[in-house]
Amino acid sequence: MAIDPLAQARLDSAQQGSSRSFQLPWAATPEPPSRDHWKPDAEVMQCELEGCDVLFGLLDRRHHCRRCGHIFCSRHCSNYIRLDHYCQFDMDGGLSRGCDRCVRDYHAWRQPKLAFTPPPPTSEDVDADDDDASISVTSSNINIRRSSRKPSQDANAPLQSVPANWQWSTF
């Protein structure tokens, strides 16, 4: 009979005693990102970002992006992103040097995705009062078109948050 990974991790933790904290097998490791995928320094003589002409030498040093492993000048590899030991984005991972491309990917990964797209309205869904307003939602912005009809209340009137006969206390 096969045992699931969570149960196995609990069993291993219990067998090792309470001196070690419980950790899921797929959780982020405290180890720094792996260097196995890094390009050797000798293979690159200038910054690998397209359009950058910086040649490496005594004053311009090589910097490896911890995620993609490519080599860049300090200008194009001076950002920091959170990576796990497997060089994957991880909010609990350690801060690691990243190139401009990987930082852009990291920020896109962190942005919440708008997964809900409302279906187009049918004739049954349309209400008489809804004919003059529309809302369109995209992943980058929300557009609201308001009606040209006058609202039922005066626009300068105060909002009715408390009853008109409310007795204010003046402690």
Fill in: Atom pair CD/SG of E48 and C73 - distance to nearest 0.5 Å
11.0 Å
Discussion item. Can you classify the ring geometry of F89 versus W109 as parallel (below 30°), tilted (30 to 60°) or perpendicular (above 60°)?
Written reply: tilted
Item to complete: To the nearest 0.5 angstrom, please state how far the NE2 atom of H64 sits from the NZ atom of K39.
Response: 9.0 Å
Worksheet entry | Main-chain N/O of C102 paired with R67 side-chain donor or acceptor, under 3.5 Å | no
Item to complete: Take H37 and R66 through the test side chain to side chain contact (heavy atoms under 4.5 Å, CB included) and record every step on the way to the result.
Response: CA-CA 9 Å; H37 63 292; R66 301 320 193 247; over 6 Å; no
Item to complete: Working to the nearest 0.5 Å, report the span between CG of D60 and CG of L55.
Response: 8.0 Å
Worksheet entry | Within 45° cone of Y106 ring axis and under 6.0 Å: R82 NZ or CZ | no
Worksheet item: To the nearest 0.5 Å, how far apart are SG in C52 and NE2 in H76?
Response: 4.5 Å
Worksheet entry | Transitive ILVMFWY side-chain link M91 to L83, under 4.5 Å | yes
Discussion item. As an exercise, state the distance from OG of S74 to CZ of R61, rounded to the nearest 0.5 Å.
Written reply: 9.5 Å
Fill in: Hydrophobic cluster identity match, F72 and V103, side-chain contacts under 4.5 Å
no
Worksheet entry | Residue that, paired with S96, satisfies side-chain contact (heavy atoms from CB on, under 4.5 Å) out of P33, C65, C87, P32 | P33
Worksheet item: Could you state the interatomic distance from NE2 (H70) to CG (L49), rounded to the nearest 0.5 Å?
Response: 11.0 Å
Practice prompt. For the residue pair I71 and F56, establish whether any side-chain heavy-atom pair is separated by less than 4.5 Å.
Written response: yes
